[in-house]
Amino acid sequence: MKKEINVKPGFSQPTERIKKLKAAILDTTPRIEVERARLITESYKKTEALPTVLRHAKGFEKILSELPVVIRDNELIVGTATIDSRSAQIFPEFGPQGLKDEFDTVSTRSADPFAISEEVKTELKDIFKYWEGKTTSEYASSLMDEDTRKAYDAGVFTVGNYHQGGVGHLAVNYEKILQKGIRGVISEIIAAIKNADQTDPSWIEKEQFYRAALITLKAVVNFANRYAQKAKELAEYSNDAKRKAELLKISEICSHVPEYPARNFYEALQSFWFIQLVIQIEASGHSISPGRFDQYMIPFYENDDTLTQEEAQELLDCLFVKFNDLNKLRDIVTATAFAGYQLWQNVNCGGQTKDGKDATNAISYMEIESMAHVMMAMPSLSIRVWNGTPNAFLLKACELSRLGGGQPAFYNDEEIITAKVNRGETLEDARNYAIVGCVEPASQGKENSWCDAALFNLPKVLEIAMNNGRLNGKDFGPKTGEFKDFKSFDEFLKAYVEQMKFCVSLLVRADNAVDYAHRKYGQLAFVSTLVDDCISKGETIDHGGAHYNFTGPQGIGSANIGNALMVVKKLVFDSKTLSMKQLKEAMDHNFGRSESAVPAAKADKDEAYDAIAQAVKKVLGEDESLDLDNLKLNHDDTTKSLDDNSNVYAKIHEQVMNVDKYGNDLNEVDELTRIGSRVYCEELENYKTPRGGIFNAGLYPVSGNVLFGSYIGATPDGRYDKETIADGVSPTRGTDTNGPTAAANSVAKLDHFIASNGTLYNMKFSPSAVAGDGGLRRFAALIRGFFDKKGGHVQFNVIDRQTLLDAQAHPEQHKDLIVRVAGYSAQFIALDKSVQDDIIARTEFDNF
Amino acid sequence: MGNIDYDKKACVFNIQRYSIHDGPGIRTIVFIKGCPLRCKWCFNPESQDPRPTKDFGSMMSVADVYKQIKKDEVIYRRSGGGITFSGGEALTQPDFVEELIKVCNANGWTTAVETEGYISERTITRIIPKLDYVLLDIKAIPEDVHRRGTGVSNHRILKNALLINQLAKNVVVRVPVIPTFNYSKKQINYICEFSKYLNNVNTLHLLPYMTVGRKKYKKLGRKYEMGDIAPLSEDDLLPLKEIVEEHGFNCVLGG
Ligand code: SF4
């Protein structure tokens, strides 16, 4: 029976159950739990003679048979990795070993703190001892050469994601489990074994994989059965007749799925959740993304006559809350960069079917409704948009966006599908892309795109190019000439390209080292059974079993590159108002802002200092009377007094800031931004991954732009020392002052097709600018318009009152904030204080 | 359509993109200098003088403007938006506006004008029928009140309103609501009564008084006659909205 889609304005209220489930999670202090680490370690101690793939499978089996089984109050969808909700299990086999030194401070750190008991601390430290020298993380480090390490340490890039944890970023074939059950997958493996040529020399390894896969699949069935048993027990003790009935139903469902095909919507949801959960118990990789949930769920919903629409919605809400039951411990640096207990479980809706028809269905709308009901950190919602997307659906998604949670994000099918086909995917597979993690498109169930393989610091490369190949003062890259000696803009651009080639080659070496470490020690059998063609090829995803393989590192700071190139071109070579030397000097002196350190200049001086120190040492012999540290201090003091020229440098800064900036729909600077970021993408295309694919660049930041900024001195775009760099393909904060359409046009001028691992564009709005039906329509028009121009991704921040207050206090950071004044819209900070107050007061009346 | 004179010039003081309150869809407003009125509350007093000054306004050709407004073409298409002419009083430069209307038509963009109605009948008959939307300011009905607030009589404006009503494809009446001037039920009632004679009008916009212009007067060496009067919020206009609706019009606050 086909269910009607009734589009209504606004959102309904979540049920009491959902409110309680939500509160229960938010009220829990996340805790570190030890069971998983203990179980896998016990298992590994007993399996030292076995190949990795079997060792990990046996560890997984042990975990799933002994991990505490917990059903929380009010839950309808069950299954958890931890006794307390939102808590974290530990994955010692991946590392990093350094985590063990953080257990003492993890409960008091400001970013993503976790409570930890003394017993757990002691036990974990003990467990980590066993893993010393055995983690994928340490093995990967041992595979990196010196230059690669240098670049990594200096923040030219970080490959921390897979270096510090398990492989993630997958949208697996959930449909297979829903439709055929785990039994179906087992049959698939048995058939593959039967058909295999056992004389083939690779058979030995294949057989090991198959054996491991069967162990893990049975373990998952056993895990679900433990839940069935637990629910039954709880039902026996329950005095509440209603809850008793619910628990009995849960018990019945868990004894059926995921072992057998799901028979209705409720079973499909529970089956899905078991798979989603155990993938995240198998390994610590994040961004395990449900992907095209509306596509594989719809048959179970449409053919289900046992549920009302409201009941179905509540079940879906339960699942959406449940996504927040999971958590992971990250080291302090990573936690600070990506604060928010975020696992990037990305749910998609809409777009096109494999055969190119509109894919929007009833579940697509229900997903949006659930997001509005739940409003928690997870899941992320991705809306796929193409020319055939119904406007009603797009408007509904805009309505969610207007609630202000920063969700959903919008993706352009017309761009992404083309880009994927260009990477060698079939049209069908490209159309079946799912957004994984932040913004990365991967063909669902077929692709191991290793997205987020690295964050790459584009402006750092520019800095190296400005310093004749020196990295923080030390010789490093090719000698491409001193900044002050460049005779033309093209020479400078060429130097940047040369350094880019060099740095990208190091990035590739780092990523391949990590990749190889996972191939050797991190083989994941269970998740591999859900990615085509692992079963037919008899290989895990880590071995290259996926149908499509990529490595997707993303570049950050496109806007800084474009703006910097523009300044050099305009001020030095076109108008000749500045010499290269003057510009370099101003940057070395942080444009007259002396309070913060100046690494580039300091590094040069360090060399000088070293030379002086050596000479002095020679004269004085090894006499201790010379305090070298003191000498250094004095030396630094002299530099400070030199900064009395700061006025001159501040003047130069003013000139620099007056040069056209990316984000204002100005062709010349936009073109330079395109060139600057494209170089990176093109260079990466030349390299292969150990799994048999190619490197596939993205241009998005997660939130690494703040961290990366701290590694770079002042840059020609007027960015101060250590200041944050631009996020994704967005303009530098505060420099896009011509309104949203101008900024969007600039962003669309970049080559999104070649950045096929995803681009990210953030836009901000005041609630009043998108208020009312007209506001929604304009919102939708803006998305459609940006996508017509072939932008890839856009997401919106609808600005609340608090931000407006902040904009008043710190206008320099909010130059791009456009608000509705009365008969027209204006830049917020340009308004008179009284008018600002007026607007702030007004937003309070915008009742969403 | 005939030829377009891309060299025709006028003094333009701003081109505002992503404008969303002055006609359908997402629009770009071309602000043209010059206004025969002298409203005490005018928040763009620099725009009254038709000539460019040192830091305000510059002579632009139709080609120059075209280059700018073209940038949001895709957005006009997707949102049903287009170009709005405003000022000052845009229709003090009918030749320039007419050429730009031709440009818009050639590109398929909708056109709108914000006018205070104090223009010649010739201009109205020539320009108004060519526009898709007209936003017509009516500030007050009693002549003395009008003269006191704007420096001119409203006879011509009200007469022109009747003509515009006949000639325009779509017309909306806009009322800046100003304390000490027309911020009263009585004054709004008059405007509604008059608007009933405009049979094509079914929507009134009420725009709350703002103090955005205050500082500019000082710069121009002029006195800001509104003094310290506080700005109005949309909430302040709710009672007036009721009146407008009682007269059978749609009422949009802050239009
Ligand atoms: S009509 Fe408008 S532009 Fe002219 S003086 Fe009055 S408020 Fe200013």
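Naming: A, B, ... by sequence-line order, numbering from 1 per chain.
- Across B:D72 and A:A742, no two heavy atoms sit closer than the pair OD1-N, 4.5 Å.
- Residue B:I26 holds its CD1 atom at 5.0 Å from CG of A:L782, rounded to the nearest 0.5 Å.
- Listed in order of number, the residues of residues 83-91 of chain B that approach chain A to under 4.5 Å between heavy atoms amount to none.
- The number of heavy-atom neighbours closer than 6.0 Å to NZ of B:K169, taken from other residues, nucleotides and ligands shown, is above 12.
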Donor-acceptor pairs are to be reported for all side-chain atoms of residues 786-796 of chain A against protein atoms at under 3.5 Å, with residues two or more places apart or in another chain.
from	atom 1	to	atom 2	distance (Å)
A:D788	OD1	B:R78	NE	3.4
A:D788	OD1	B:R78	NH2	2.7
A:D788	OD2	B:R78	NE	2.7
A:H793	ND1	A:Y761	N	3.1
A:H793	NE2	A:Q795	OE1	3.2
A:Q795	NE2	A:N762	OD1	2.9

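- Legend: residues meeting salt bridge (Lys or Arg N to Asp or Glu O under 4.0 Å) with B:D137, ordered by chain and number and at least two apart, are B:K139.
- Side-chain contact between B:K71 and A:L666 is present, with heavy atoms from C-beta onward closer than 4.5 Å.
- For chain A, the nearby part of B:R77 is the side chain; its heavy atoms alone come within less than 4.5 Å.
- Considering every non-hydrogen atom in both B:R17 and A:N664, the closest pair reads NH1-O, 4.4 Å.
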As a quick check of understanding, evaluate side chain to side chain contact (heavy atoms under 4.5 Å, CB included) for B:Y18 and A:N738, giving each step before the final call. CA-CA 9 Å; B:Y18 197 74; A:N738 277 355; over 6 Å; no
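- For A:R777, no part lies near chain B; criterion is any non-hydrogen pair under 4.5 Å.
- The salt bridge (charged side-chain N to carboxylate O under 4.0 Å, His left out) contacts involving residues 737-751 of chain A comprise A:D665-A:K749, A:D670-A:K749, A:R674-A:D751, A:R678-A:D751, where partners must be two or more places apart or lie in separate chains.
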